[in-house]
There are 2 protein chains.
Amino acid sequence: MLTGLSLFEMRVNNRIFYLYQMVSLTEENYLKTLYRLAGENQEISVKNIAESLNIKMPTVNSMVKKLAEKKFIRYEKYKAIELTEKGRKQALYILRKHRLTELFLSEVLSLGWEEVHDIAEQIEHIQSDRFFDRIDEMLGHPQFDPHGEPIPDANGKLPVYKSFPLSDGRINKVYKLAGVANHDGSFLQFLDSLGLTLGATIEIKEIQEFDKSMSVKLNNKTKTIFSFTVCRNLLVM
Amino acid sequence: MLTGLSLFEMRVNNRIFYLYQMVSLTEENYLKTLYRLAGENQEISVKNIAESLNIKMPTVNSMVKKLAEKKFIRYEKYKAIELTEKGRKQALYILRKHRLTELFLSEVLSLGWEEVHDIAEQIEHIQSDRFFDRIDEMLGHPQFDPHGEPIPDANGKLPVYKSFPLSDGRINKVYKLAGVANHDGSFLQFLDSLGLTLGATIEIKEIQEFDKSMSVKLNNKTKTIFSFTVCRNLLVM
DNA sequence: ATAATAAGTTAGATTGATCTAATAAAATTA
DNA sequence: TAATTTTATTAGATCAATCTAACTTATTAT
């Protein structure tokens with residue numbers, strides 16, 4: 001079934017033509033998966049795609065050839081797959097629709113966050129910019145969903161995260177390390193020894209009233225305790 | 001693509017089993033069309049279906065066989081096609097989703113009534129009773145859409161029209177002739193001469209203050225003027 | 001470095017929804 | 001009623017998305 005459209009640039013005799021190209025529901029789902037894998041720093045391989053979409057490798061193989069023909073990805077036999085700018089844009093377009101829908105279902109229709117995903121998986125393929133723009137408006141052009149995931153804007157631009165000190169964080173929330181406020185060697189060494197690199201996750205488990213120290217879980221593995229000073233110097237988002 | 005589910009009754013060894021049967025998006029669209037044709041008192045023929053759905057007759061022919069196997073319709077070669085009770089229920093289920101969606105898009109998302117249909121055609125196939133029940137709730141369980149079309153309830157029951165005299169109607173609304181309060185031959189002849197049969201549409205264009213006469217448009221074609229007496233005797237819904 | 005294992009590819013089949021061309025039945029007109 | 005026209009059906013092709021089985025290339029382990 002054909003669902004989406006993609007703006008397609010074509011050069012003939014040195015002149016540029018723009019035309020809309022149909023994108024099937026299946027293709028949209030592949031692009032979404034490719035984008036997600038790339039974001040998770042996983043290799044975009046035939047195997048990974050097949051597992052993500054729960055289909056067999058030969059199916060992925062032929063689809064990947066089609067997506068390459070349509071210039072959504074770069075693909076050479078036996079090599080790793082890469083999204084092109086066009087593919088990334090298309091993926092972000094769907095992602096926008098998905099996240100706006102989730103937020104809408106949750107905020108406006110008061111559906112539970114757990115049931116919202118499956119419905120959004122269906123609605124994200126609806127072809128109507130007006131529909132999603134209205135939802136976007138109604139929600140006040142949100143930049144992040146309740147999981148802290150960024151919502152691309154109408155031009156496919158991702159909002160920039162604004163980081164803040166971990167000490168401003170809330171209990172039971174998961175943050176990502178975005179930077180440090182203190183660049184002393186000893187502090188950086190301390191982080192190193194805990195395996196805390198940029199992008200590492202920090203979950204706040206407990207906060208002590210008396211000294212504002214925090215019990216945290218790092219990268220969903222190591223548990224430890226951070227003093228208020230440490231918390232103030234860790235910039236997260 | 002599989003979208004909907006249909007409750008299916010099966011008898012084995014005199015025992016009844018219920019199971020859910022998949023209904024494809026295409027099948028849903030056929031059922032909708034069949035129901036509409038039946039409602040318009042058009043013959044449900046291969047040709048009519050083909051024209052409605054803008055596909056070729058042989059395609060319809062094979063689909064019709066499949067729908068018959070699934071017990072959504074009764075079909076015999078060269079004979080007229082009939083919806084079964086199961087088919088009718090399924091059609092009403094989709095119709096409900098369609099009309100609730102239209103109303104929702106118009107009332108809640110403030111989309112124009114003209115742009116609402118195409119979006120609803122897509123959303124009606126979303127598989128989530130929770131989603132549509134929420135919308136239904138939010139709209140206060142509406143029984144009719146802005147065109148006066150009935151919205152089936154969650155059990156597939158159509159609301160009963162309550163007819164009222166056209167003289168109680170409002171400007172710019174479209175009504176359907178449901179009966180007459182005066183059965184005099186001359187009155188009926190008058191209606192006849194205007195091509196006003198049961199189900200004919202009457203749109204109120206203007207209402208004169210001084211004598212309550214109405215400028216109306218009949219069947220979206222003929223324009224004329226009805227006296228208050230005529231309006232009082234036309235029962236519409 | 002070679003053997004074993006994992007990942008990727010090709011070939012060919014299947015299913016659902018569609019088509020065209022050819023044929024058959026039903027309805028209409030002369 | 002016979003001829004003509006309309007409608008319905010059958011047969012066979014195509015296309016997208018999927019599969020299994022068999023084969024090839026790349027990676028890993030011994």
Side-chain angles (χ1 to χ4, degrees), chain A residues 1-6 21-34 37-38 42-83 90 94 121-122 125 127, chain B residues 1-6 21-34 37-38 42-83 90 94 121-122 125 127:
Chain A
M1 196 186 57
L2 294 173
T3 56
L5 289 174
S6 158
Q21 192 184 44
M22 281 300 192
V23 189
S24 76
L25 189 147
T26 312
E27 287 166 355
E28 290 198 346
N29 283 332
Y30 274 83
L31 288 173
K32 249 176 50 186
T33 296
L34 293 233
L37 288 175
Q42 287 191 55
E43 204 195 354
I44 310 188
S45 64
V46 171
K47 190 177 177 246
N48 280 341
I49 301 171
E51 276 173 3
S52 290
L53 292 171
N54 208 20
I55 53 184
K56 303 299 174 190
M57 285 171 57
T59 309
V60 172
N61 188 259
S62 39
M63 197 61 187
V64 144
K65 285 177 184 168
K66 193 199 282 185
L67 290 173
E69 248 176 44
K70 292 192 171 183
K71 313 276 188 203
F72 287 121
I73 60 175
R74 271 181 292 278
Y75 163 74
E76 275 181 88
K77 267 193 190 183
Y78 300 107
K79 298 251 172 83
I81 295 159
E82 284 177 347
L83 270 176
Q90 191 65 23
I94 307 158
E121 288 274 298
Q122 302 177 62
H125 302 291
Q127 228 192 111
Chain B
M1 195 187 53
L2 293 173
T3 57
L5 289 175
S6 159
Q21 191 183 46
M22 281 301 192
V23 189
S24 75
L25 187 146
T26 312
E27 287 165 356
E28 290 197 347
N29 284 332
Y30 274 81
L31 288 173
K32 249 177 50 186
T33 295
L34 294 231
L37 288 174
Q42 288 191 52
E43 203 195 356
I44 310 188
S45 63
V46 172
K47 192 180 176 240
N48 280 341
I49 302 171
E51 276 172 3
S52 291
L53 292 171
N54 208 21
I55 52 184
K56 303 297 174 190
M57 286 171 56
T59 310
V60 172
N61 189 261
S62 40
M63 198 61 187
V64 143
K65 285 177 184 169
K66 193 200 281 187
L67 290 173
E69 249 177 43
K70 291 192 172 184
K71 311 277 187 202
F72 287 121
I73 60 175
R74 271 181 292 278
Y75 164 73
E76 275 181 87
K77 268 194 189 182
Y78 300 107
K79 298 253 173 82
I81 295 158
E82 285 175 346
L83 270 174
Q90 191 66 25
I94 306 159
E121 287 274 299
Q122 301 176 63
H125 301 289
Q127 227 192 114

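Convention: sequence-line order gives letters A, B, ...; per-chain numbering from 1. As the structure is a prediction and not an experimental result, all values here were calculated from the model. Reckoned from all heavy atoms, side chains included, excluding hydrogens, waters and symmetry mates.
In this structure, the NZ atom of A/K47 is 12 Å from the P atom of D/dT28, given to the nearest Å. For the pair A/M22 CE and D/dC15 P, the computed distance is 18 Å after rounding to whole Å. Residue B/I49 contributes atom CD1, which lies 10 Å from atom P of D/dT9 at whole-angstrom precision. Summarising the geometry, the separation between CE on A/M57 and P on D/dA26 is reported as 14 Å, rounded to the nearest angstrom. In this structure, B/E76 atom CD and D/dA8 atom P are separated by 15 Å, rounded to whole Å. What separates CD of A/E43 from P of C/dA7 is a distance of 10 Å, to the nearest Å. Protein atom NZ of B/K56 is 5 Å distant from nucleotide atom P of C/dT20, rounded to whole Å. Taking atom CD of residue B/E28 and atom P of nucleotide C/dA17, one finds them 11 Å apart after rounding to whole Å.
Taken to the nearest 0.5 Å, the CD atom of A/E43 stands 10.5 Å off from the CD atom of A/E82. Rounded to the nearest 0.5 Å, atoms CD (B/E27) and NZ (B/K66) are 5.0 Å apart. Rounded to the nearest 0.5 angstrom, A/Q127 CD and B/E121 CD are separated by 13.0 Å.
Residues that satisfy the side-chain hydrogen bond (donor to acceptor under 3.5 Å, both in side chains) test with B/Q42, not counting sequence neighbours, are B/E40. Partners of B/A68 under the side chain to side chain contact (heavy atoms under 4.5 Å, CB included) rule, at least two apart in sequence or in another chain, are B/I73, B/Y75. With sequence neighbours left out, the salt bridge (Lys or Arg N to Asp or Glu O under 4.0 Å) criterion links A/K77 to no other residue.
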N/O-N/O pairs, protein side and nucleotides 21-29 of chain C side, under 3.5 Å:
from: C/dA25; atom 1: O4'; to: B/Y78; atom 2: OH; distance (Å): 3.4

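At C/dA7, none of the side-chain N or O atoms of A/S45 fall inside 4.0 Å of OP1 or OP2 (strictly under the cut-off). B/Y30 has no side-chain polar atom (N or O) that falls below the 4.0 Å cut-off from OP1 or OP2 of C/dG16. An OP1 or OP2 oxygen of D/dA16 is reached within less than 4.0 angstrom by no side-chain nitrogen or oxygen of A/S24. One finds no side-chain N or O of A/Y75 lying less than 4.0 angstrom from the OP1 or OP2 phosphate oxygen of C/dG8.
At a threshold of 4.5 Å between non-hydrogen side-chain atoms, the residues A/L83 and A/L31 count as touching.
Within residues 59-68 of chain B, the residues having any heavy atom under 4.0 Å from DNA chain D are, by residue number, B/N61, B/K65.
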N/O donor-acceptor pairs under 3.5 Å from side chains in residues 50-64 of chain A, not counting sequence neighbours:
from: A/E51; atom 1: OE2; to: A/K47; atom 2: NZ; distance (Å): 3.3
from: A/S52; atom 1: OG; to: A/R36; atom 2: NH2; distance (Å): 3.3
from: A/S52; atom 1: OG; to: A/N48; atom 2: O; distance (Å): 3.0
from: A/S62; atom 1: OG; to: A/P58; atom 2: O; distance (Å): 3.2
from: A/S62; atom 1: OG; to: A/T59; atom 2: O; distance (Å): 3.1

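Proximity note for B/I55 (side chain, C-beta onward) versus D/dT7, C/dT18, C/dG8: the nearest is C/dT18.
Shown here for B/I81 and B/S45, the closest heavy-atom pair between the two residues is CD1-C, 4.5 Å.
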